[in-house]
Amino acid sequence: MSHPNKYQGFPAVKLANRQWPDKTITQHPIWMSSDLRDGNQSLFEPMNIERKMRMFNMLCEVGFKEIEVAFPSASQTEFDFVRGLIEDRHIPDDVTIAVLTQAREHLIRRTMESLKGARRAIVHVYNATSQSFRDMVFGLKRDEVIQMAVSAVTLIKQLASEQPETEWVLEYSPETFTATELEFSLEICNAVTEAWGAAPDNKVILNLPATVEVATPNIYADQIEWMHRNLARRDAVIISLHTHNDRGTAVAAAELGQMAGADRVEGCLFGNGERTGNVDIVTLAFNLLTQGVDPGLDFSDINAVARTVEHCNQLPIHPRHPYAGDLVFTAFSGSHQDAIKKGFAAQLPGARWNVPYLPIDPKDAGRNYDSVIRVNSQSGKGGIAYLMEAEYSVVMPRRLQVEFSAVVQKHADRLGGEMLAADIWQIFNQTYLEAASPVNYRTHHLFEQGALQGIRLEVAIDGVSQILTGEGNGPIDAAVHALKCAGIDVQVRSYDETAMRCGGESADACAFIEIAHDGGSNYGVGIDANIVTAAIKALLSGVNRKY
């Protein structure tokens, strides 16, 4: 790395007798999910209506009471989504939707049009305020930038008065706040609250974003405390944080910002967002829980939340992601495994949580502690995933690695000695591919049923031949509905497939299906020359292993 002199360090804030270093967080903030707006606009392929609706419903189930749902002036899809939420009555009574608009007249009018008929709505308007934007982007002086914000707020206020059936809340963001002179941020924010007529019963949300993270988290906390101390009409203002992760410290900045006086936090699940992402609300919530503070959000089935987010965003969650990654409750080190095992043995029911290496009880995230033997090319009998991939081209999903390694470990403990690839493959066959009871696959036929996929599934259940039919949005969904005809209720949590060579056999496709049930989940595996047949075999393998 060269030329460090081309960068200029961010100056410290002159803040006498700062208070935030002595504060602790004792209650959760007002949460605002930006997954459907900030998160969505950062995707390579933005969500369609179906995925946005699925995400919205999940956010409501988790417990978000404020959800930024769209940038309605940006596209017809965004506008139509807002209209659909309102007209089809998808918004729970205790949930407030928010929409974003730039401080431009035609965009504001389009935005307000999208909200007609809403019970309650947050209109979030913004304009950049830093010197670089004033000089290079806008070509405006300070008073002109203030006028831009005030004119936007005045227009919103006027249009809101024409829709009295809606309860209106104003949110204003001085974009690039962290790079703006504090005195100017204060001046423009005070002008906005005055123009709106902010009062304790008509509060304005002032969102003070780290649009780009330009300094250490303590500097951001100083900026927030300075504003908290100096704002006019502080009792009529909700201070909101919107931190980005350019320096990798968005979580720390949001936590210190709350200590500095903020009331509200905006972010995305698992840190999705522009560039390096927004602050990760999942991490913030679990961090609160580890300190004995109710996070106000329900992530007790974090696996289900993670799978929904992965589907909607079409982005994977890193296996080492805090609290939610597939490997965060997995110990590869023998010394870690030993300490955790002893910690579990010493942990008394109802006692304060105190298990080595585990800052949180995995059960509070709907997870288990999975002790996975080491999975790499150097790990001898523990190199299960490596050997399965190297010898048989079976690339197992992470959670299947966890499940199958426990099976292999039992065999290794009983038999002793080293386990070769052929031994592991035999166990894999017995565990997954030969799981044929109570439901034994015979054959199947697919057919079209209008817009749906139909299936005629021939099986033997407890030795009795049966023909089951079902319809769904694809072969797997159709097979799930067919099994319901036989009283077998299946919930598919995840599906993976891979091409392979299978120990010299002719099969060249391998499907993995994770089945959810009250006790957690288990995998089924199917191998066949045809990927659809492999998927159906995997589904039945999972059912048989469940029962």
With sequence neighbours excluded, what pairs up with T283 under the side-chain contact (heavy atoms from CB on, under 4.5 Å) test? V251, D280, N287, H321, P322, Y323

Heavy-atom side-chain contact between E68 and L36 under 4.5 Å: no

Return yes if some donor-acceptor pair links the side-chain N/O of E434 with the main-chain N/O of T431 below 3.5 Å, else return no. no

In terms of side-chain heavy atoms, does D222 have a donor or acceptor partner in W20 at a distance below 3.5 Å? yes

Just how far is it from atom CG of L297 to atom CZ of F286, taken to the nearest 0.5 Å? 10.0 Å

Flag side-chain contact, heavy atom, 4.5 Å: T26 against T24: yes

Taking it one step at a time, do Y495 and F512 satisfy ring pair (Phe, Tyr, Trp, His ring centres under 6.0 Å)? CA-CA 6 Å; Y495 171 78; F512 310 93; 8.7 Å; no

Distance only, no hydrogens: is a donor on one side chain within 3.5 Å (strictly under) of an acceptor on the other, for N522 and H517? yes

Checking the side chain of R247 only, and the main-chain atoms of A215 only, is there a donor and an acceptor separated by less than 3.5 Å? yes

Begin with the C-alpha distance, continue with both residues' side-chain angles, and end with the deciding distance and a verdict on salt bridge (charged side-chain N to carboxylate O under 4.0 Å, His left out) for E255 and K23. CA-CA 11 Å; E255 290 179 332; K23 299 290 182 65; over 6 Å; no

Look only at the side chain of N544 and the backbone of V439, and say whether a donor-acceptor pair between them is shorter than 3.5 Å. yes

Taking the side chain as C-beta and beyond, is there a heavy-atom pair between E471 and D477 under 4.5 Å? no

Donor-acceptor contact present, side-chain E171 to main-chain N207, <3.5 Å: no

Side-chain heavy atoms of I424 within contact of H411, under 4.5 Å: no

In Å and rounded to the nearest 0.5 Å, what is the CG to NZ distance from D489 to K484? 5.5 Å

About how many Å separate CD of Q41 and OG of S34, when rounded to the nearest 0.5 Å? 7.5 Å

In this structure, OG1 of T249 is separated from CG of N218 (nearest 0.5 Å) by 9.5 Å

For side chain to side chain donor-acceptor pair (under 3.5 Å), just list the numbers for T101 and H124, CA-CA rounded to whole Å, side-chain angles, deciding distance to a tenth of an Å, and then say yes or no. CA-CA 6 Å; T101 179; H124 183 180; over 6 Å; no

If only side-chain N and O atoms count, and only distance matters, is there a donor-acceptor pair under 3.5 Å linking E213 with T178? no

Determine whether S33 and W31 make a side-chain contact, defined as any pair of heavy atoms from C-beta on separated by less than 4.5 Å. no

Does a donor on one side chain sit under 3.5 Å from an acceptor on the other, for Y432 and E403? yes

Backbone N/O of V69 and side chain of K52: donor-acceptor pair under 3.5 Å: yes

Pair H242, D38 - check side chain to side chain donor-acceptor pair (under 3.5 Å), show working. CA-CA 11 Å; H242 184 119; D38 199 337; 3.0 Å; yes

Separation between CD1 (I360) and CZ (R367), nearest 0.5 Å, reads 10.5 Å

Within a 6.0 Å radius of atom CD on E50, are there more than 12 heavy atoms belonging to other residues, nucleotides or ligands? yes

Qualifying residues under side-chain contact (heavy atoms from CB on, under 4.5 Å), relative to P359, sequence neighbours excluded: none

Could you check whether T96 and R120, counting side-chain N and O atoms only, form a donor-acceptor pair closer than 3.5 Å? yes

Other residues, nucleotides and ligands only: do more than 12 of their heavy atoms fall within 6.0 Å of CZ on R414? yes

Candidate pair R51 and E45, rule salt bridge (charged side-chain N to carboxylate O under 4.0 Å, His left out), full reasoning: CA-CA 11 Å; R51 283 190 281 153; E45 179 184 344; 3.6 Å; yes

Flag, side chain of S521 to backbone of A516, donor-acceptor distance under 3.5 Å: no

CG (D294) and CG (L288) are apart, to the nearest 0.5 Å, by 9.0 Å

Side chains of L289 and D364: closer than 4.5 Å at any heavy-atom pair? yes

Short question: side chain of T166, backbone of A118 - any donor-acceptor pair under 3.5 Å? yes

Donor-acceptor pair, distance only, cut-off 3.5 Å: does the side chain of T276 make one with the backbone of N245? yes

Tell me whether Q258 contacts the main-chain N or O of A254 through its side chain, where contact means a donor paired with an acceptor under 3.5 Å. yes

Is there a donor-acceptor contact under 3.5 Å from the side chain of E514 to the main chain of R399? no

